[in-house]
2 protein chains.
Amino acid sequence: MLSKKTKYGIQAVLYLAEKFNKGPVLISEIAKTQSLPKKFLEAILLELNKKGLLHSRKGKGGGYSLKRPPNEIMLGEVIRVLEGPLAPVSCVSQTAYRPCDECKDELSCGIKVVMKEVRDAISKILDHKSLADVFVQRKHEMDKFTVNYVI
Amino acid sequence: MLSKKTKYGIQAVLYLAEKFNKGPVLISEIAKTQSLPKKFLEAILLELNKKGLLHSRKGKGGGYSLKRPPNEIMLGEVIRVLEGPLAPVSCVSQTAYRPCDECKDELSCGIKVVMKEVRDAISKILDHKSLADVFVQRKHEMDKFTVNYVI
DNA sequence: TATATTTCCTATCGATTAAATAGAGTATAC
DNA sequence: GTATACTCTATTTAATCGATAGGAAATATA
């Protein structure tokens with residue numbers, strides 16, 4: 001299960017995607033409109049910033065913005081920064097490989113092959129779904145439930 | 001990332017799968033052969049037992065065994081018992097649906113649709129991979145690295 | 001029935017992580 | 001030079017993880 005930190009982070013970058021090319025956005029604006037705890041959000045954005053997903057400017061007229069356009073930032077990137085590797089076990093992680101310490105023999109492990117499958121399936125989705133894609137999908141989803149009265 | 005509890009549990013049921021139809025297996029035997037902390041393993045097996053995956057008998061000649069044959073127990077079941085839902089967010093869980101409390105409006109959530117995709121992809125793998133399947137896969141994997149000297 | 005065996009149950013412990021907040025520091029626009 | 005807004009470090013509280021202890025309950029067998 002994704003942590004609140006990750007969910008907050010995704011909400012925030014989606015908001016920044018919405019405001020892309022409209023100038024810097026204040027942390028407090030994101031916190032207010034998305035109902036997120038401001039101080040916590042501050043830490044989250046800082047982390048995303050350090051990992052190169054965001055751009056920030058201090059002082060008056062400052063704020064946060066996406067470093068790349070929404071169609072070039074993948075959900076997988078955001079999640080990796082805030083939650084860690086996508087892989088269910090570290091020994092099948094592409095970005096953070098580490099042998100499992102419980103595992104005497106990686107070869108005869110058995111679950112490794114299955115978990116690799118899982119990792120690849122997750123990555124196939126999250127590393128190919130951009131913030132822009134999420135927007136389009138959300139739009140579609142909302143339209144399905146919206147009755148369109150055309151006069 | 002899967003917890004040690006879950007990994008231990010998987011190791012244990014795989015061992016039980018190996019010993020299926022060969023009578024009850026002692027916790028201490030599993031702990032010893034798989035190098036798992038005995039007391040911790042005890043709690044894990046108890047949980048799997050309560051959720052109906054295992055069969056147990058107390059006293060001399062007792063021990064644990066799989067309640068169903070290895071080809072009828074799916075990895076997904078084991079993981080759900082020990083780790084919780086497969087879904088990355090509770091609002092897309094099939095077995096443990098619960099609205100996310102961060103989420104004002106599930107409809108306009110945006111990430112929900114993506115996470116549903118992820119959940120389905122994970123389930124497609126783990127709910128169709130039985131303990132027996134894992135065995136076959138492990139065998140194949142080991143054979144790939146075994147030079148066969150035929151005299 | 002007595003006893004050894006083995007799972008079952010409850011409680012507890014230390015360490016780590018999650019979620020959140022506080023407050024001072026630093027850069028920037030005007 | 002002052003208000004603004006991000007940056008950094010530290011702390012708090014609660015929850016979870018990993019593990020262990022010790023006795024209760026059930027069972028086989030002598």
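Any value given below was found using the heavy atoms of this structure, including those in side chains, with hydrogens, waters and symmetry copies removed. Chain identifiers are assigned alphabetically (A, B, ...) following the order of the sequence lines, protein sequences preceding nucleic acid strands; residue numbering begins at 1 within each chain.
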Report task. Please state how far atom CZ in A/Arg57 lies from atom P in C/dT26, giving the value in whole angstrom units. Result -> 21 Å
Query raised in the report: B/Asn49 CG to C/dT6 P: how many Å, rounded?
Result: 17 Å
Query raised in the report: Given D/dA5, is OP1 or OP2 found less than 4.0 Å from the side-chain N or O atoms of A/Tyr64?
Result: no
Requested in this report: Check whether A/Phe40 and A/Val81 end up in the same hydrophobic cluster, where Ile, Leu, Val, Met, Phe, Trp and Tyr are linked by side-chain heavy atoms less than 4.5 Å apart.
Outcome: yes
Report task. Consider only side-chain N and O atoms of B/Ser130 and B/Asn71, and report whether a donor and an acceptor are under 3.5 Å apart. Result -> no
Requested in this report: Just call it for A/Lys38: base, sugar-phosphate, or nothing, with non-hydrogen atoms closer than 4.0 Å on any strand.
Outcome: nothing
Query - B/Leu48 CG - C/dC9 P separation (whole Å) - result: 14 Å
**Report entry** Base C/dC8 paired with B/Glu42 side chain (donor-acceptor, <3.5 Å)
**Finding:** yes
Report summary line: From the candidates D/dG23, D/dT4, C/dA20, the one with an atom nearest any side-chain atom of A/Lys60 is D/dT4
Query - Test salt bridge (charged side-chain N to carboxylate O under 4.0 Å, His left out) applied to B/Arg80 and B/Asp127, step by step - result: CA-CA 10 Å; B/Arg80 277 202 192 83; B/Asp127 286 331; 2.8 Å; yes
Report summary line: The nucleotide from C/dA20, C/dT6, C/dC9 with an atom nearest the side chain of B/Lys50 is C/dC9
Query raised in the report: Of the nucleotides C/dA19, D/dG18, D/dT7, which one has an atom closest to the side chain of B/Lys5?
Result: D/dG18
Report summary line: When rounded to whole Å, the CE to C1' distance for the pair A/Met1 and C/dT17 reads 18 Å
Report task. Give one of base, sugar-phosphate or nothing for B/Leu45, where a contact means two heavy atoms less than 4.0 Å apart. Result -> nothing
Requested in this report: Could you check how far CZ of A/Phe40 sits from P of C/dA20, rounded to whole Å?
Outcome: 5 Å
Report summary line: Nearest-nucleotide check on DNA chain C, A/Leu2 vs B/Gly61; residue mapping nearer the 5' end is B/Gly61
Query raised in the report: Strictly by modelled atom types, are A/Tyr15 and A/Glu29 linked by a side-chain donor-acceptor pair under 3.5 Å?
Result: yes
Requested in this report: Could you tell me whether the phosphate oxygens of D/dA5, OP1 or OP2, come under 4.0 Å of any side-chain nitrogen or oxygen in A/Ser28?
Outcome: no
**Report entry** Rounded distance in Å - CD (B/Glu83) to C1' (D/dG18)
**Finding:** 13 Å
Query raised in the report: Is the backbone of B/Ser3 close enough, under 3.5 Å, to the side chain of B/Glu83 for a donor and an acceptor to pair up by distance?
Result: yes
Query raised in the report: Has B/Tyr8 got a side-chain N or O lying under 4.0 Å from the OP1 or OP2 atom of D/dA19?
Result: yes
Query - Distance in angstrom units between B/Leu54 CG and C/dT7 C1', rounded - result: 12 Å
**Report entry** Nucleotide D/dT27, atom C1' - distance to CG of B/Leu26 in whole Å
**Finding:** 14 Å
Query raised in the report: Looking at the side chain of B/Lys58, which of C/dT5, D/dG22, C/dC8 is the nearest nucleotide?
Result: C/dC8
Query raised in the report: Is there a donor and acceptor pair, one atom on the side chain of A/Lys39 and one on the base of C/dG23, closer than 3.5 Å?
Result: yes
